[in-house]
Amino acid sequence: MTTLFAFSETEDGEKWAEAWQRNEANRHEMFEKIGVKCRTFRDSNNPNSSGVLFEIPDMTAFDAFMETDELEQAMAEDGLKVETLRLLKEFPA
């Protein structure tokens, strides 16, 4: 299992958060189809700063999914500022 933390800025933190709400066709479901569990975060002092903690059972599948048009479209719809995206991989202490 690999754990990643993704940090990014968004155009509108509320819009981004709505896409992750547990309802029909949410972002959790997008990642669950490849077995990835997600936890979402927002900066209380800057609601346009967001983060997602990913628990990834298969990095090959995750990397392939990150390159899909589906994910690119979702990030654009959610107002994610892709140029600010940073992925931090957990390492053993």
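Values below: all heavy atoms of this structure, side chains included; hydrogens, waters and symmetry mates excluded. Everything quoted here is computed from the prediction, not taken from an experiment. Numbers here are sequence positions counted from 1.
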Of all residues at least two apart in sequence or in a different chain, which pass the side-chain contact (heavy atoms from CB on, under 4.5 Å) check with Pro47?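 For Pro47, the residues satisfying side-chain contact (heavy atoms from CB on, under 4.5 Å) (neighbours in sequence not counted) are Arg42.
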Should [X] and [Y] count as side-chain neighbours, where that means a heavy-atom distance under 4.5 Å?
| X | Y | value |
| --- | --- | --- |
| Ser50 | Trp20 | no |
| Asn26 | Gln21 | no |
| Val52 | Phe7 | no |

Interatomic spacing from CG in Asn46 to OG1 in Thr10 - rounded to 0.5 Å: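 Output value for this atom pair is 8.0 Å.
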Any chance you could measure Leu53, atom CG, to Thr40, atom OG1, to the nearest 0.5 Å?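 Atom-to-atom, Leu53:CG and Thr40:OG1 are 10.0 Å apart.
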Run the side chain to side chain donor-acceptor pair (under 3.5 Å) test against Arg27 and tell me which residues pass, sequence neighbours left out.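 Scan of Arg27 (side chain to side chain donor-acceptor pair (under 3.5 Å), adjacent residues dropped) gives Glu77, Asp78.
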Who passes side chain to side chain donor-acceptor pair (under 3.5 Å) against Glu90, sequence neighbours left out?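 Result, side chain to side chain donor-acceptor pair (under 3.5 Å) vs Glu90: Thr3.
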Write out all pairs satisfying salt bridge (charged side-chain N to carboxylate O under 4.0 Å, His left out) with one or both partners inside residues 43-72, taking only residues at least two apart or from two chains.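 Listed by first then second residue: Lys33-Glu70.
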When hydrophobic residues are tied together by side-chain contacts of less than 4.5 Å, even through go-betweens, does Met75 share a cluster with Met30?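 Yes, it is one cluster - the side chains of Met75 and Met30 are joined through contacts under 4.5 Å.
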Going by ring pair (Phe, Tyr, Trp, His ring centres under 6.0 Å), name the pairs with one or both residues in residues 70-93, residues two or more places apart or in two chains.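 Of all non-adjacent pairs touching residues 70-93, none passes ring pair (Phe, Tyr, Trp, His ring centres under 6.0 Å).
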Apply ring pair (Phe, Tyr, Trp, His ring centres under 6.0 Å) to Phe41 and list each qualifying residue two or more places apart in sequence or on a separate chain. Phe5
Report the residues that fulfil ring pair (Phe, Tyr, Trp, His ring centres under 6.0 Å) with Phe54, sequence neighbours left out, ordered by chain and then residue number. Phe31, Phe62
Grab the two heavy atoms, one from Glu11 and one from Asn48, that are nearest each other, plus how far apart they are.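 For Glu11 versus Asn48, the nearest heavy atoms are O-ND2, 3.9 Å.
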For Glu32, which residues count as a salt bridge (Lys or Arg N to Asp or Glu O under 4.0 Å) partner, sequence neighbours excluded? Arg22
Going by atom type alone, with no hydrogens or angles, which donor-acceptor pairs under 3.5 Å involve a side-chain atom of residues 81-88 and a protein atom two or more places apart or on another chain?
| unit_1 | atom_1 | unit_2 | atom_2 | d |
| --- | --- | --- | --- | --- |
| Thr84 | OG1 | Glu9 | N | 2.8 |
| Thr84 | OG1 | Lys81 | O | 2.7 |
| Arg86 | NH1 | Glu83 | O | 3.3 |

